[in-house]
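So the structure is just underneath, and the comments pick up after that.
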Amino acid sequence: MPHQTPEDMINLWRQTLTYSLLQSPNPQIPNTMTLCNCNPFLSKTPLFSLPFHPTTKTQLPISSLCCSANPSSVPDSNPSTNSSNSDTNNGGGGPKKKLSDQSSWEAKDSEGNDYLYRLGKEADNMNIAVGARAGLVDDLFVGKFLGRDSDIVFDYRQKVTRSFQYLQGDYYIAPLFMDKVVCHIAKNYLAHLLNTKVPLILGIWGGKGQGKSFQTELIFQAMGVEPVIMSAGELESERAGEPGKLIRDRYRTASQVVQNQGKMSCLMINDIDAGLGRFGNTQMTVNNQIVVGTLMNLCDNPTRVSIGQDWRESDITNRIPVIVTGNDLSTIYAPLIRDGRMEKFYWQPNHEDIINIVYRMYEKDGMSRDEVVSIVDTFPNQALDFYGALRSRTYDRSISKWVEDIGGVQSLGDKLLKRRKNDNLPVFTPPKQTIEALLESGYSLIKEQQLIMETKLSKEYMKNMDD
């Protein structure tokens, strides 16, 4: 027997089926018909087993077996079920047509939700502070396409990372300070290669006004780090859990900087003891506890950080170093500052560091190094911000003269806020810095400090009460 091609088999099937139909006495089958061109081997109906009508017990026309025929023309064995399904699925016009039995877009999970609903629920973007929230806007605009809550202005939100274009000039960075910060950042980015425990948090603490935050920002600028910076004021909220979620969200934002921009990043929290510290009889709030727990959890699981979405195996966050500053870390919950989670660095600049930092501050004013040494020795035991306040105090007389030149106090508001777009303010001439003017400003600041420490106005208000 010669080899038969698929076309030969199809033609043979057509001839056999046509002959059997023409010889049939069934009046329901016409003598002339056009067979469909579908592939019989893909049909789910047997070739020679035609269905019978449930009432007349006669075979149905071959046209009802064609793949191009209207599915609604084939009656079901249960007419009531067939009509109800048609009305339900397609408004009475037949069952709902599906793309494919294997389409993931129409596949349902065990709860009856489709692929797009699950995709939206697992999305990383869970910030709904300015989005469309269910119950707050019309339900027409809140569907299940991306979940019940969706963020509609994600691309227009302000940038949370910090750049340092305002740091113009040549500033001095203390070598010890720089070594500590750079080493901490490098260790965390190499933690997967090091066979040792690497603390996630670096706690920089010390006296007030010693330049902890400013020195850190200078190091970020030198290293090309684009950090996410928070303050103690963001660690409390009227809503329970919001500060903890904000920390996790900022941590993931820093991770996205590493992943999407190819830049180093870190999370920095300034004055953390002001937000988490316990002073005297201050109350410990739920948000304080959640923030402490969040930071502890980040230290223990730095690559698995959730902000509310379902866990996915592929949801791995980059390890991001955390740097916190404060004046007294002893006021913070002890398990958070233990050695395995936080590395501590006490910053107290020595005399040489203070001279170098202040000299860079006054170098652009034409001050010599010997004059700077004289100023620092005249006012010892002062924080770095004191020497910056000296320079600011010397501007007071020049600013007062500038106000008089533009028309006095009465016209100050009009000149500053109500001037026309093309009107320019009078030129302000900065004062020339001299050692005499700086010493005079220094003595004035010392007097103000002594008044604060010595004068107890509360006793003046209640002088009639016994001590």
Proximity of [X] and [Y] rings by center, below 6.0 Å:
X    : Y    : value
Y443 : F379 : yes
F345 : W205 : no
F214 : Y171 : yes

Any side-chain to backbone donor/acceptor pair from [X] onto [Y]? Under 3.5 Å, distance only.
X    : Y    : answer
D179 : P175 : no
K344 : I337 : yes
N188 : I320 : no
K212 : G207 : yes
N288 : T285 : yes
R393 : S441 : no
R252 : V305 : yes
H351 : P380 : no
E448 : L445 : no
N327 : G206 : yes

Are S237 and N287 linked by a side-chain donor-acceptor pair shorter than 3.5 Å? no
Minimum heavy-atom distance [X]-[Y], with the two atoms named:
X    : Y    : answer
R278 : Y333 : NH2-CD1, 4.0 Å
Q210 : W347 : O-NE1, 3.0 Å
P302 : Y251 : O-OH, 2.9 Å
I435 : S374 : CD1-OG, 3.9 Å
V225 : S265 : CG1-CA, 3.8 Å

Rounded to the nearest 0.5 Å, how far apart are CD1 of I219 and CD1 of I185? 7.5 Å
Point-to-point distance, once rounded to the nearest 0.5 Å, from OG1 of T325 to CD1 of I204: 7.0 Å
Determine, for Y359 and R369, whether the Lys NZ or Arg CZ falls below 6.0 Å from the six-membered ring centre while staying within 45 degrees of the axis. yes
The side chain to side chain contact (heavy atoms under 4.5 Å, CB included) partner of L295 among L200, I272, I290, D300 is I272
Pairs flagged by salt bridge (charged side-chain N to carboxylate O under 4.0 Å, His left out) wherever residues 258-275 is involved - sequence neighbours left out: E226-K263
Using a strict cut-off of less than 4.0 Å between a Lys/Arg side-chain nitrogen and an Asp/Glu carboxylate oxygen, indicate whether D385 and K208 qualify as a salt bridge. no
Output yes when R397 and E440 qualify as a salt bridge under the 4.0 Å nitrogen-oxygen rule, no when they do not. yes
Please step through salt bridge (charged side-chain N to carboxylate O under 4.0 Å, His left out) for the pair K401 and D405, ending with a clear verdict. CA-CA 6 Å; K401 183 178 182 303; D405 293 340; 3.4 Å; yes
Between R391 and D365, is the salt bridge (charged side-chain N to carboxylate O under 4.0 Å, His left out) condition met? List the steps. CA-CA 10 Å; R391 188 170 183 272; D365 295 324; 2.6 Å; yes
